[in-house]
Amino acid sequence: MVRPYAVKGPKRKKNKTERYDKEEDEQENAGFVEQGSEEEEEGVQKKLKSGVTDEEKAEEAAQELVGIPVSLSEKQGNDKNTPSVVFVLEKASLEVAKVGKSYQLLNSEDHANFLKKNNRNPAEYRPDISHQAILNILDSPLNKAGKLKALYVRTEKGVLIEIKPHVRIPRTFKRFAGIMLQLLQKLSISAVGKREKLLRVIKNPVTQYLPVNSRKIGFSHSSEKLVDMHDYVATVDNDATLVFVVGAMAHGKIECDYIEDFISISGYPLSAAYCITRITNALERKHGIV
């Protein structure tokens with residue numbers, strides 16, 4: 001028996017409206033992908049996984065870090081004839097650990113349970129203090145006028161980091177944590193479109209990078225020498241290089257052998273960011289920087 005052919009009905013017309021909606025959705029999704037690529041910390045966590053191929057490593061080496069451009073004050077800060085200032089942030093809480101399946105910069109807000117399980121005090125993990133202090137130094141008119149010679153950060157674990165004065169640190173803490181994570185993993189971060197290393201891990205001690213015959217000043221609320229910062233910097237020679245050592249931790253006191261003078265600039269405990277603000281304001285008034 002011959003099988004009867006199926007009767008062909010009318011062809012269904014393609015719905016152009018559905019096709020238009022589909023293209024519109026694809027454009028919206030593409031926008032979300034571009035927006036997500038701007039967050040360095042997500043890309044860093046993916047690259048730290050064990051399943052990275054050789055092609056991905058090659059692309060990673062070829063690409064520069066997004067969000068670390070060079071500021072306009074780069075050409076102003078290298079005059080050797082002008083007096084310079086150096087900042088050293090001691091005991092900064094910048095520690096990386098593997099939390100779950102990815103490496104993260106530890107902080108008391110997001111990793112309190114992880115720190116407690118490992119018998120650590122969450123109150124001591126405050127990388128936001130270093131973030132605020134670095135922003136206050138780099139955003140100051142003192143730095144924009146070219147007076148800042150160098151900025152060094154030494155972590156609680158003894159890792160020494162050099163930050164160029166003309167680098168632009170991210171404003172948000174989330175992006176800052178992603179950059180610090182990448183820095184502590186790769187040991188350096190280069191400028192966009194250049195080979196210059198804007199952030200890098202260097203060898204200890206920090207004294208080998210400080211200018212010769214520089215005056216090293218430490219700050220502590222417990223110091224018996226209470227001074228007015230404006231009067232203090234006014235007595236210093238204009239040609240002298242000043243090295244200011246500020247603690248970037250939540251509690252405690254910095255103890256460094258290379259500090260020559262320990263002073264207190266307020267009768268009340270000050271945060272690292274506000275202490276730096278008082279220092280930069282006094283120097284700006286001395287040098288006539290408005």
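The shown structure was predicted, so the numbers you read here are calculated from the model rather than taken from an experiment.
Ser223 contributes no side-chain N or O that, together with a main-chain N or O of Phe219, makes up a donor-acceptor pair within less than 3.5 Å. No donor-acceptor pair closer than 3.5 Å links the side chain of Asp228 to the backbone N or O of Ile265. With Tyr209 contributing its side chain and Lys203 its backbone, the two residues share a donor-acceptor pair below 3.5 Å. No side-chain donor-acceptor contact under 3.5 Å links Lys164 to the backbone of Glu162. Side-chain atoms of Arg195 do not come within 3.5 Å of backbone N or O of Ser190 as any donor-acceptor pair.
Annotation: the span from Thr280 atom OG1 to Ile289 atom CD1 amounts to 10.0 Å, rounded to 0.5 Å.
Atom CD of Glu224 has 12 or fewer heavy atoms from other residues, nucleotides or ligands within 6.0 Å. Crowding of Phe262 atom CZ: a count of heavy atoms from other residues, nucleotides or ligands under 6.0 Å exceeding 12. The neighbour count for Arg215 CZ, taken as heavy atoms of other residues, nucleotides or ligands under 6.0 Å away, is above 12. The number of heavy atoms from other shown groups lying within 6.0 Å of NZ (Lys197) does not exceed 12. Heavy atoms from other residues, nucleotides or ligands lying under 6.0 Å from CG of Asn118 number more than 12.
If you chain together hydrophobic residues whose side chains sit under 4.5 Å apart, Val201 and Phe176 fall into the same group.
Checked by atom type, the side-chain pair Asp261/Tyr232 shows a donor-acceptor distance below 3.5 Å.
Using a 4.0 Å cut-off between charged nitrogen and carboxylate oxygen, Lys91 and Glu156 do not count as a salt-bridge pair. Under 4.0 Å is where a charged nitrogen must lie from a carboxylate oxygen, and between Asp257 and Lys216 no such pair does.
Relative ring orientation between Phe173 and His131 is described as tilted, the plane-to-plane angle lying within the 30° to 60° band.
The side-chain heavy atoms of Thr241 and Val85, taken from C-beta on, include no pair separated by under 4.5 Å.
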Handout entry: Verdict with reasoning, Asp139 to Arg171, per salt bridge (Lys or Arg N to Asp or Glu O under 4.0 Å)
Key = CA-CA 11 Å; Asp139 288 346; Arg171 303 292 169 178; 2.4 Å; yes
